[in-house]
S.K.: 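This is the structure I have questions about; it appears just below.
Chain A is the first sequence line, chain B the second, and so forth, proteins listed ahead of strands; every chain is numbered from 1.
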Amino acid sequence: MNSQYHITSFCNIKNNTVSLNGSVIYNDENNDFLEFIKAAYKSFETDYAKFFKMDALSKLAFLAADILLKNEGLKQEEENNIAIVFSNKASSIDTDRKHQNSIQNKEDYFPSPAIFVYTLPNICIGEISIKYKLFSENSFFIFDAFNAQHLLDYTNSLLATNKTEKVLCGWVELDGDHYEAFLYLVTNEGSITHNKQNILKLYNT
Amino acid sequence: MEDLKQELKENIVEQLNLEDIAVEDIDDNDMLFGDGLGLDSIDALELIVMLDKNYGIKLTDPKEGRAIFESINVMAKYIFENRTK
């Protein structure tokens, strides 16, 4: 099926490697996820202290989004008309478990507000929206597996109904040691046609 | 009191994930919120939990924290006078 929309750029983060448009831009084989994502963040020289306060899922989503949006030449002092459509399987289970552990023992019951605020997956969208002043549509879907068709249909609908000029979409999954981010930006222009076949191809890059 | 101030600085840096701030960079009179360390409302809630967990001080009104968390000096004095553990 032909599409009038295009994928302008895409970012993959998995297996201790960060790739932009299919090219490796950061790799660090020796660290666990939290050390890896912190080292990757520092290597890209993003000056945003709130990054260190985020939970693991938000750090993953934020870094992938930041790499893509940095390339867009956005004016950070202005509102940007970019919608966000994310998805994953594990929701916010990684942080949910941390919160559960903090309230498990009634004799040692000290839930952390800083952890509790991340017990929803779409909080990561908020983190990106705050940094880039995005006030447009946003959604976070939970699927059993990466669902290219749903992302395609939802994104095309947002663009076709003029709800937004661009859509940042994809998959941000994190559960314990397993993590994987695949985000891509869809607009009217670009070299890669926005269709299911291409989304799946880039996801598996 | 000096030990308590040092302990507070270490706990604040570690528990509030102040990655870019070293313990030795925090002056006893620095404002913890606003233009000082730049802590936010979630940090304030974390400090309230820290008072309860580490020192047995329960703040029932979060607004009380505004005065207590002004600086390390003010916080240490309050803890010294009110701690139950």
S.K.: Does the distance from a Lys or Arg side-chain N to an Asp or Glu carboxylate O, for A:Lys53 and B:Glu19, drop under 4.0 Å?
M.R.: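 No, this pair does not count.
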
S.K.: For A:Lys89, does the NZ atom sit with more than 12 other heavy atoms under 6.0 Å from it, leaving out its own atoms?
M.R.: no

S.K.: Measuring from A:Phe110:CZ to B:Asn54:CG, what's the distance to the nearest 0.5 Å?
M.R.: 8.0 Å

S.K.: Are there more than 12 heavy atoms of other residues, nucleotides or ligands under 6.0 Å from atom CD of B:Glu24?
M.R.: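 Enclosed: over 12 neighbouring heavy atoms sit under 6.0 Å from CD of B:Glu24.
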
S.K.: Taking all heavy atoms of A:Ala114 and all of B:Glu46, pick out the closest pair and write down the distance.
M.R.: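 In this case the closest contact between A:Ala114 and B:Glu46 is N-OE2, 2.7 Å.
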
S.K.: Is it true that atom CG of A:Asn204 has more than 12 heavy atoms of other residues, nucleotides or ligands lying nearer than 6.0 Å?
M.R.: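 Check passes, neighbour count above 12.
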
S.K.: In Å, rounded to the nearest 0.5 Å, how long is the span from CD1 of B:Ile42 to CZ of A:Phe116?
M.R.: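 CZ of A:Phe116 is found 10.0 Å from CD1 of B:Ile42.
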
S.K.: Taking only heavy atoms into account, what residues of residues 181-191 of chain A are found under 4.5 Å from chain B?
M.R.: none

S.K.: So with a 6.0 Å cut-off around NZ of A:Lys42, is the heavy-atom count from everything else above 12?
M.R.: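 For A:Lys42, atom NZ is crowded (more than 12 foreign heavy atoms under 6.0 Å).
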
S.K.: Using a 6.0 Å cut-off, check whether atom CZ of B:Arg83 has over 12 heavy atoms from anything other than its own residue.
M.R.: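 Count over threshold, so yes.
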
S.K.: What part of B:Asp20 gets within 4.5 angstrom of chain A, counting heavy atoms only: side chain, backbone, both, or neither?
M.R.: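 B:Asp20 touches chain A through side-chain heavy atoms alone.
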
S.K.: Are more than 12 heavy atoms, taken from residues, nucleotides or ligands other than B:Lys85, located less than 6.0 Å from that residue's NZ atom?
M.R.: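 Yes.
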
S.K.: Examine whether an atom of B:Ile48 lies under 4.5 Å from a heavy atom of chain A, and if so say whether it belongs to the side chain, the backbone or both; otherwise answer neither.
M.R.: neither

S.K.: Does B:Glu81 have more than 12 heavy atoms from other residues, nucleotides or ligands lying within 6.0 Å of its CD?
M.R.: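 Counting other residues, nucleotides and ligands, CD of B:Glu81 exceeds 12 neighbours.
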
S.K.: Is the shortest heavy-atom distance from the side chain of A:Ser112 to the side chain of B:Val49 under 4.5 Å?
M.R.: no

S.K.: Are there over 12 heavy-atom neighbours, none belonging to A:Lys50, within less than 6.0 Å of that residue's NZ?
M.R.: yes

